[in-house]
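Protein chains get the first letters and strands the later ones, always in sequence-line order, with residue 1 at the start of each. Computation of the quantities below employed the complete heavy-atom set of this structure, encompassing side-chain atoms and omitting hydrogens, waters and symmetry-equivalent molecules.
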Amino acid sequence: MKTLSNLQTVLAAKVNATTIRVIVTLVSLVLFALAAAAPDAMGGVGMG
Amino acid sequence: MIFTLAALVGLVAGMIRAKMKANTYFPIELKYSWMILLAFVPQWLVFFLPATRELVPNTWIPFILISTQLILLVFVWLNRRQPCIWLLGLGLMFNFLAICLNNGWMPISPDVLQRLQVPQSAWQLWERRGFSKDMVIPVENTKLWILSDILSLNLYSRFKIAFSIGDILIAGGIFAYFWSSGGSKTLTKEYQS
């Protein structure tokens, strides 16, 4: 039971780590693009 | 929207790729990510946030644009070993060169604006285009014209965009980064450690 609980904790931590890494990378690369790119959006929809 | 779309499509494609290879999807870590924020915040205040962008004089823009893009170039160099970063770096370098050679502005020609059916009252030669990074410059006065905003997309009235080859490479680089994260076996090892 204790092993199962430990496994659950480890799994939860890893799922969180994956989700956090995905979100951080996603936000980082979109911000990179917004700062590095130089499009000129003329309608209501932008390049962001 | 296009860059967010490139990232999301790349993320989904990378996840499917990882599943097909029986790997766990785990994006490769970008080092020194705080440098992106350092470069983005001044640009956000100058180009995106309505409350502040109106207060910034146009004379400051070239300095802010060049210095923040320099920070991004350093970031790319520090992450040069990461997959597909070279594509982001090449796109950034193309835009950086076009901006540096044209006095700190991304050039956009009257031809492109006419192609996008932007009314003549909305732009003026040698003036900044709205709150964008672009300056309307005739083709004959544009240095390294090929790297300026020469491409256009006019899907419907709310989706008119002028963009550069560098912008395409950046969008492609984002997609490729997420895609490549789904294919490496070393990622699984990193995840397990």
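Across all their heavy atoms, B:Trp145 and B:Thr142 have their closest contact at CA-CG2, 3.7 Å. Closest approach of B:Phe3 and B:Ile170 over heavy atoms only: CE2-CG2, 4.1 Å.
Looking at B:Leu37, the atoms closer than 4.5 Å to chain A (heavy atoms on both sides) all sit in the side chain, from C-beta outward. Neither the backbone nor the side chain of B:Ser164 comes within less than 4.5 Å of any heavy atom of chain A. In this structure, the portion of B:Tyr177 lying under 4.5 Å from any heavy atom of chain A is its side chain and not its backbone. Of the two parts of B:Phe96, neither the backbone nor the side chain holds a non-hydrogen atom closer than 4.5 Å to a non-hydrogen atom of chain A.
With values rounded to the nearest 0.5 angstrom, B:Leu169 atom CG is found 8.5 Å from B:Asn95 atom CG.
No continuous path of hydrophobic side-chain contacts links B:Phe75 to B:Trp77 [ILVMFWY only; heavy atoms under 4.5 Å]. At a threshold of 4.5 Å between side-chain heavy atoms, the hydrophobic network of Ile, Leu, Val, Met, Phe, Trp and Tyr places B:Leu78 and B:Ile28 in one connected group.
Contact residues of residues 85-93 of chain B toward chain A are B:Leu88, B:Leu92 (heavy-atom distance under 4.5 Å). Interface with chain A: from residues 48-66 of chain B, residues B:Phe48 qualify, criterion being any non-hydrogen pair under 4.5 Å. At a heavy-atom cut-off of under 4.5 Å, chain A is reached by B:Ile108, B:Leu113, B:Leu116, B:Val118, B:Arg129 from residues 107-131 of chain B, listed in order of number.
Within the cation-pi definition used here (under 6.0 Å to the ring centroid, within 45° of the axis), B:Lys19 does not qualify as a partner of B:Tyr25.
For residues 62-73 of chain B, the pairs satisfying side-chain hydrogen bond (donor to acceptor under 3.5 Å, both in side chains) are B:Gln43-B:Thr68, with sequence neighbours left out.
Taking B:Leu151, B:Asp149, B:Asn154 one by one and counting their heavy-atom pairs under 4.5 Å with chain A, the maximum is reached by B:Asp149.
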